[in-house]
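Below: the structure, in structure tokens.
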Amino acid sequence: GIAIIDRVEHILGRLHAGGVVTSLTRDTGKDLLLFDLCSGKFITGIMLTTRFPDAKIAGVDIRPPNPSELHLREKAFPNVERLTGSIYDSELIKNVVNQTPKDGTCIVTATHLCGDLSRLALSFIDQYPDQISATVVAPCCLMRQKKPRNWMPGDFNGFGTTQTARGKGIDPFDLWVDQLFHY
């Protein structure tokens, strides 16, 4: 979570220097939507709301909050919204991204994204160029699923990364992160 805050601060500094966001956005999160994917217990979201108290913080996770997660169930933070659903649900993603404040911006954050979820998170910036200014992604693992029949070496979806890396004599995770960076 701390690394995510550091990257968001860096991005906001660059957007402020470029005239994209105001000082208030950079300093308090005014007119900012921070969208945390696969948010789990929402630890990163809570850290973000503490650092950016005027930002809207939205998170989505496939798992609903459990009874011990009172901070999520009872809406302890007024600027936080935790949704239960899949990041493959395009309507859910669209509904959250469309909450970006007028003349504001959205930054997507995601840690521990398994396999193709990292690529999917990066694709949102192309799908919503008027709202999303940046995506901060920290992938955790490579694709472990069986390759589809129509998969071709070189397709960018994570399948074949381990095989390609071994053929090049490099670490598969290093190759995956490099592929995500170039994607």
Side-chain angles (χ1 to χ4, degrees), residues 1-61 65 69 71-72 75-114 116-140 173-174 176-183:
I2 292 170
I4 294 291
I5 290 172
D6 178 65
R7 297 313 309 158
V8 169
E9 288 174 338
H10 177 80
I11 290 163
L12 289 174
R14 291 181 68 167
L15 292 173
H16 179 259
V20 177
V21 300
T22 67
S23 295
L24 280 175
T25 301
R26 183 195 63 209
D27 297 340
T28 69
K30 183 180 181 314
D31 297 325
L32 175 64
L33 170 63
L34 294 166
F35 185 14
D36 192 37
L37 304 176
C38 300
S39 58
K41 295 180 187 240
F42 213 60
I43 302 303
T44 300
I46 291 169
M47 293 175 78
L48 288 167
T49 195
T50 302
R51 170 58 185 88
F52 300 104
D54 295 334
K56 165 94 172 133
I57 315 290
V60 65
D61 197 89
E69 296 167 346
H71 62 286
L72 297 177
K75 303 193 183 286
F77 300 92
N79 59 333
V80 166
E81 178 181 21
R82 164 59 158 71
L83 303 161
T84 301
S86 170
I87 69 170
Y88 284 105
D89 181 344
S90 59
E91 279 301 307
L92 174 71
I93 299 303
K94 180 176 140 184
N95 290 337
V96 173
V97 172
N98 283 339
Q99 295 178 36
T100 303
K102 185 176 181 341
D103 300 324
T105 193
C106 174
I107 296 175
V108 173
T109 64
T111 56
H112 303 291
L113 291 182
C114 295
D116 189 50
L117 295 178
S118 295
R119 185 219 37 94
L120 180 64
L122 293 174
S123 75
F124 295 153
I125 200 165
D126 289 330
Q127 293 174 38
Y128 303 98
D130 295 334
Q131 292 103 339
I132 300 175
S133 294
T135 305
V136 179
V137 175
C140 75
F173 189 77
D174 289 345
W176 179 231
V177 171
D178 187 57
Q179 289 172 328
L180 289 170
F181 176 77
H182 291 289
Y183 177 76

Derivation and outcome, side chain to side chain contact (heavy atoms under 4.5 Å, CB included), residues Tyr128 and Ile93: CA-CA 10 Å; Tyr128 303 98; Ile93 299 303; 4.0 Å; yes
Nearest-0.5 Å distance, CG of residue Leu12 to OG1 of residue Thr22: 9.5 Å
Closest non-hydrogen atom pair between Ala110 and Ile4, with its separation: O-CD1, 4.5 Å
Leu117 CG to Leu122 CG distance, which is reported to the nearest 0.5 Å: 11.0 Å
Any donor-acceptor pair under 3.5 Å from Asn95 side chain to Glu91 backbone: yes
Closest non-hydrogen atom pair between Leu33 and Val96, with its separation: CD2-O, 3.3 Å
Shortest non-hydrogen contact from Thr105 toward Gln131: OG1-O, 3.3 Å
Asp61 side chain vs Gly40 backbone, donor-acceptor pair below 3.5 Å: yes
N/O donor-acceptor pair under 3.5 Å between Arg26 side chain and Arg14 backbone: no
Reported CD1-to-CZ distance for the pair Ile57 and Arg51, which is rounded to 0.5 angstrom: 10.5 Å
Pairwise distance CD1(Ile107) to CG(Asp36) - rounded to 0.5 angstrom: 12.5 Å
Minimum-distance pair of heavy atoms, taken over all atoms of Thr135 and Val137: CG2-CG2, 3.3 Å
Considering all heavy atoms, the nearest Lys30-Thr25 contact: O-OG1, 2.5 Å
Candidate pair Ile125 and Val108, rule side chain to side chain contact (heavy atoms under 4.5 Å, CB included), full reasoning: CA-CA 8 Å; Ile125 200 165; Val108 173; over 6 Å; no
Pair Thr49-Asn79, side-chain donor/acceptor within less than 3.5 Å: yes
Where Leu34 and Ala55 come nearest, the two heavy atoms and their spacing: CD1-CB, 4.2 Å
